[in-house]
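Notes follow the structure.
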Amino acid sequence: LEEQVPALFTGKSGGDEVRVWVVACATGEEAYSLAMLLSEHARLIDDPPAIQVFATDLDEDAIRAAREGVYPPAIAADVSEERLRRFFMREPRGYRIRSEIRDAVVFANHDLLKDAPFSRLDLISCRNLFIYLNREAQQHALEIAHFAVRPHGRLFLGVSETVDVATHLFRPVDKKHRI
């Protein structure tokens, strides 16, 4: 996915936004990771657009934990020292996401299949959601995603997921990585 980030910034400058929606975000790791990748790329641009990540889930407890942005010390095994230093603050419970990244992510309780979608998105990440949906619900979810994403935007799925029920709506950019 990191290789796709520059495309999300194409044709955008300081007055614009890069908009991302992480569906079924659980406790926020993926949403914050995407905000970090976007932030890293924005630093390479003279007049970068604003970054806005919407992260939604059905589980209020998960959303509450995600907003807090505190993760156990064990994340140090999976996050580089540079990213730990740049994006986290060490505290007694583990690592807290720094405010500049937390401020870029809006967490909300949301049902993809029932609630109004976000719109004008450059990227939608639905990793490992479709495996829990029947074929009809998958079709509906992909129609919603198609409505919500901008032309040339990206849809990121989990390794066990495809857009087989909606090939007329999406084409693979990176089939191996489900983008």
Side-chain angles (χ1 to χ4, degrees), residues 1-10 12-112 115 118 121-132 148 153-161 174 176-179:
L1 183 61
E2 188 171 357
E3 294 173 7
Q4 300 296 320
V5 168
L8 304 179
F9 286 77
T10 300
K12 296 185 181 209
S13 62
D16 300 311
E17 269 188 331
V18 172
R19 295 167 54 91
V20 174
W21 182 13
V22 179
V23 181
C25 70
T27 56
E29 291 93 334
E30 184 173 354
Y32 287 130
S33 295
L34 285 169
M36 290 175 206
L37 287 175
L38 296 169
S39 174
E40 287 174 342
H41 186 74
R43 291 175 58 176
L44 304 175
I45 300 171
D46 289 334
D47 187 23
I51 295 168
Q52 183 66 70
V53 178
F54 304 100
T56 61
D57 202 287
L58 292 172
D59 184 339
E60 278 290 344
D61 292 333
I63 291 292
R64 207 170 359 269
R67 283 186 185 123
E68 191 174 358
V70 177
Y71 298 100
I75 69 163
D78 298 316
V79 179
S80 72
E81 283 186 41
E82 178 188 350
R83 284 183 173 150
L84 280 174
R85 189 174 51 260
R86 187 180 324 148
F87 297 119
F88 294 85
M89 295 179 303
R90 185 80 162 111
E91 57 179 49
R93 295 186 308 167
Y95 292 94
R96 179 182 298 275
I97 302 285
R98 291 188 183 274
S99 62
E100 58 268 17
I101 295 297
R102 280 199 330 269
D103 292 348
V105 183
V106 175
F107 289 98
N109 184 269
H110 186 272
D111 184 331
L112 171 68
D115 298 329
F118 295 92
L121 300 164
D122 298 291
L123 171 67
I124 300 174
S125 178
C126 292
R127 290 174 10 97
N128 303 321
L129 170 66
F130 291 175
I131 58 176
Y132 298 104
R154 305 291 195 265
L155 174 66
F156 184 39
L157 301 176
V159 295
S160 300
E161 299 167 319
D174 182 334
K176 177 182 175 188
H177 295 106
R178 304 292 197 260
I179 301 170

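All heavy atoms count here, side chains included; hydrogens, waters and symmetry mates do not.
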### Query
With a 4.5 Å heavy-atom cut-off, do V106 and Q52 have their side chains touching?
yes

### Query
Say you draw a straight line from CG of L1 to CG of L8; how long is it, rounded to the nearest 0.5 Å?
7.5 Å

### Query
Do V22 and V53 pass the side chain to side chain contact (heavy atoms under 4.5 Å, CB included) test, and can you show the C-alpha distance, the side-chain angles, and the key distance before you say yes or no?
CA-CA 7 Å; V22 179; V53 178; 4.2 Å; yes

### Query
Taking atom CD of E3 as the centre, does the number of heavy atoms from other residues, nucleotides or ligands within less than 6.0 Å exceed 12?
no

### Query
Are R127 and R178 side-chain neighbours, meaning at least one heavy-atom pair lies under 4.5 Å?
no

### Query
Where the side chain of R96 meets the backbone of E68, is there a donor-acceptor pair that is under 3.5 Å apart?
yes

### Summary
Sorted by chain and number, sequence neighbours left out, ring-ring contact (aromatic ring centres under 6.0 Å, His included) with F9 holds for H41

## Note on the structure
Rounded to the nearest 0.5 angstrom, the OG-CZ distance for S125 and R154 is 14.0 Å

### Message
Between R83 and L37, is there a side-chain heavy-atom distance shorter than 4.5 Å?
### Response
yes

### Message
For the CD1 atom of I97 and the CZ atom of R67, what is their distance to the nearest 0.5 Å?
### Response
15.5 Å

### Message
Once salt bridge (Lys or Arg N to Asp or Glu O under 4.0 Å) is applied, what residue pairs with a partner in residues 42-63 remain, sequence neighbours excluded?
### Response
D61-R64

### Message
Tell me if a side-chain donor or acceptor on D122 pairs with a main-chain N or O of V20 at a distance below 3.5 Å.
### Response
no

### V23 side chain reached by I124 side chain, heavy atoms, under 4.5 Å
yes

## Note on the structure
Taken in chain and number order and not counting sequence neighbours, the residues that satisfy ring-ring contact (aromatic ring centres under 6.0 Å, His included) with F118 are W21, F54, H110

### Task
Would you name the heavy atoms of E40 and R86 that are closest together and state the gap between them?
CG-NH1, 3.1 Å

## Note on the structure
The reported gap from CG in L34 to CD in E29 (rounded to nearest 0.5 angstrom) is 12.0 Å

## Note on the structure
Of all heavy-atom pairs linking I63 and A108, the shortest is CD1-O, 3.5 Å

## Note on the structure
Rounding to 0.5 Å, atoms CG (L129) and SG (C25) come to a distance of 11.5 Å

### Query
Do you know which two heavy atoms are closest between F107 and A66, and how far apart they sit?
CE2-CB, 3.3 Å

### Task
Check for a donor-acceptor pair, side chain of N109 on one end and backbone N or O of L58 on the other, with a separation under 3.5 Å.
yes

### Task
Measure across L155 and C126 and return the closest heavy-atom pair with its distance rounded to 0.1 Å.
CD1-SG, 4.2 Å

### Query
Is the backbone N or O of P48 less than 3.5 Å from a side-chain atom of K12, with the two atoms forming a donor-acceptor pair by type?
no

### Query
Looking only at heavy atoms, what is the nearest atom pair of V105 and A55, with distance?
CG1-CB, 4.0 Å

### Message
Tell me if a side-chain donor or acceptor on D78 pairs with a main-chain N or O of I75 at a distance below 3.5 Å.
### Response
no

### Query
Which pair of non-hydrogen atoms, one from S39 and one from F87, has the smallest distance, and what is that distance?
OG-CE2, 4.0 Å

### Query
Is it true that the NZ or CZ of R90 lies under 6.0 Å from the centre of Y95's six-membered ring and within 45 degrees of the ring axis?
yes

